[in-house]
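Keep in mind it's a predicted model, so treat the numbers as computed, not measured.
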Amino acid sequence: MQMSIQNQVRLSLQAIEQSMRELALWQTTPPEPEAFASTEPFCVDSMLAEEWLQWVFLPRMYALLDAHAPLPTRFAITPYFEEAMKDKDPNCMPLLVLLERLDLMLNKEPQ
């Protein structure tokens with residue numbers, strides 16, 4: 001039996017979080033409240049890529065899953081992270097692979 005897309009996405013989000021923890025990108029303190037008020041994509045003017053991932057993207061995706069709301073079907077976050085993390089530790093590759101897997105999982109036509 002195939003796992004539902006919701007369960008696949010939840011497992012993918014958990015793997016992304018675990019990868020961030022292993023790479024020491026996970027933070028214990030959120031950015032300042034005004035950082036969340038950014039109108040720029042990915043809050044590029046107020047947060048690091050990994051901050052946006054942890055404090056904005058993951059919570060929003062979990063909220064959609066918990067509300068049984070429709071998941072996005074057209075988005076790509078991997079290109080942004082490839083650019084944002086190109087000067088960081090090359091060990092970030094596992095995280096990029098997980099992000100790409102999520103992109104591929106969600107960029108499907110609705111069944």
Side-chain angles (χ1 to χ4, degrees):
M1 187 173 106
Q2 189 174 356
M3 194 183 315
S4 73
I5 186 69
Q6 287 79 9
N7 285 343
Q8 291 176 49
V9 168
R10 188 175 298 275
L11 288 174
S12 182
L13 297 175
Q14 290 167 347
I16 289 167
E17 178 179 335
Q18 183 60 39
S19 180
M20 290 178 70
R21 289 179 187 278
E22 290 168 3
L23 293 167
L25 296 174
W26 196 259
Q27 301 173 357
T28 55
T29 310
E32 293 299 318
E34 52 271 15
F36 291 90
S38 171
T39 57
E40 294 294 317
F42 304 106
C43 299
V44 294
D45 59 341
S46 61
M47 290 186 196
L48 297 171
E50 57 269 23
E51 289 176 320
W52 177 84
L53 189 60
Q54 177 181 348
W55 300 104
V56 177
F57 180 75
L58 290 176
R60 285 186 186 167
M61 289 298 291
Y62 281 125
L64 288 175
L65 290 169
D66 292 344
H68 303 287
L71 296 171
T73 55
R74 287 187 178 83
F75 78 76
I77 60 175
T78 308
Y80 169 63
F81 280 89
E82 286 173 342
E83 183 62 27
M85 299 186 138
K86 70 177 185 226
D87 297 326
K88 291 199 191 276
D89 190 338
N91 294 334
C92 288
M93 201 59 196
L95 177 58
L96 294 174
V97 169
L98 291 169
L99 293 171
E100 185 172 35
R101 193 173 300 153
L102 182 64
D103 281 353
L104 291 171
M105 196 182 303
L106 289 175
N107 280 296
K108 294 182 178 166
E109 292 304 314
Q111 305 277 323

Which side-chain N or O atoms in residues 59-72 pair as donor and acceptor under 3.5 Å with protein atoms at least two apart or in another chain?
unit_1, atom_1, unit_2, atom_2, d
Tyr62, OH, Gln14, N, 3.4
Asp66, OD1, Arg10, NH1, 3.4
Asp66, OD1, Arg10, NH2, 2.8

Problem set entry | Qualifying residues under ring pair (Phe, Tyr, Trp, His ring centres under 6.0 Å), relative to Tyr80, sequence neighbours excluded |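 Applying ring pair (Phe, Tyr, Trp, His ring centres under 6.0 Å) to Tyr80 gives Phe42.
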
Working to the nearest 0.5 Å, report the span between [atom1] of [X] and [atom2] of [Y].
| X | Y | atom1 | atom2 | result |
| --- | --- | --- | --- | --- |
| Ile16 | Leu96 | CD1 | CG | 10.5 Å |
| Glu100 | Met93 | CD | CE | 7.5 Å |
| Gln18 | Leu13 | CD | CG | 13.5 Å |
| Gln8 | Arg101 | CD | CZ | 11.0 Å |
| Thr73 | Asn107 | OG1 | CG | 7.5 Å |

For this session: Please name the pair of heavy atoms, one in Met20 and one in Glu50, separated by the smallest distance, quoted to 0.1 Å.
Result: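 Where Met20 meets Glu50 most closely, the heavy atoms are CE-O, 3.4 Å.
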
For this session: Check Ala76 against Asp103 and note the closest heavy-atom contact, atom names and distance.
Result: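 That closest heavy-atom pairing would be CA-OD2, 3.4 Å.
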
Exercise. Is the shortest heavy-atom distance from the side chain of Phe81 to the side chain of Leu95 under 4.5 Å?
Worked result: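 Of all side-chain heavy-atom pairs linking Leu95 with Phe81, none is under 4.5 Å.
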
For this session: Measure the shortest side-chain to side-chain distance between Phe57 and Leu99 over non-hydrogen atoms and say whether it is less than 4.5 angstrom.
Result: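 Of all side-chain heavy-atom pairs linking Leu99 with Phe57, none is under 4.5 Å.
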
Exercise. Of all residues at least two apart in sequence or in a different chain, which pass the side chain to side chain contact (heavy atoms under 4.5 Å, CB included) check with Glu40?
Worked result: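 Counting only residues at least two positions away or on another chain, Glu40 forms a side chain to side chain contact (heavy atoms under 4.5 Å, CB included) with Ser38, Val44, Asp45.
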
Problem set entry | Counterpart residues, side chain to side chain contact (heavy atoms under 4.5 Å, CB included), relative to Pro94 (two or more places apart) |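 Only Ser19 meet the side chain to side chain contact (heavy atoms under 4.5 Å, CB included) criterion with Pro94.
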
For this session: Please check if Leu98 and Leu23 belong to a single hydrophobic cluster, counting links between Ile, Leu, Val, Met, Phe, Trp and Tyr side chain heavy atoms closer than 4.5 Å.
Result: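 Result: yes, single cluster for both.
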
Exercise. Is Met105 reachable from Phe75 through a run of I, L, V, M, F, W or Y residues, each pair having side-chain heavy atoms under 4.5 Å apart?
Worked result: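 Yes, one cluster joins them.
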
All N/O donor-acceptor pairs, side-chain side in residues 24-32, below 3.5 Å, sequence neighbours left out:
none

Exercise. Between Glu17 and Arg21, is there a side-chain N and carboxylate O pair less than 4.0 Å apart?
Worked result: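 Result for this pair is yes, salt bridge flagged.
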
For this session: Could you list the residues that satisfy salt bridge (Lys or Arg N to Asp or Glu O under 4.0 Å) with Glu34, not counting sequence neighbours?
Result: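 Counting only residues at least two positions away or on another chain, Glu34 forms no salt bridge (Lys or Arg N to Asp or Glu O under 4.0 Å).
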
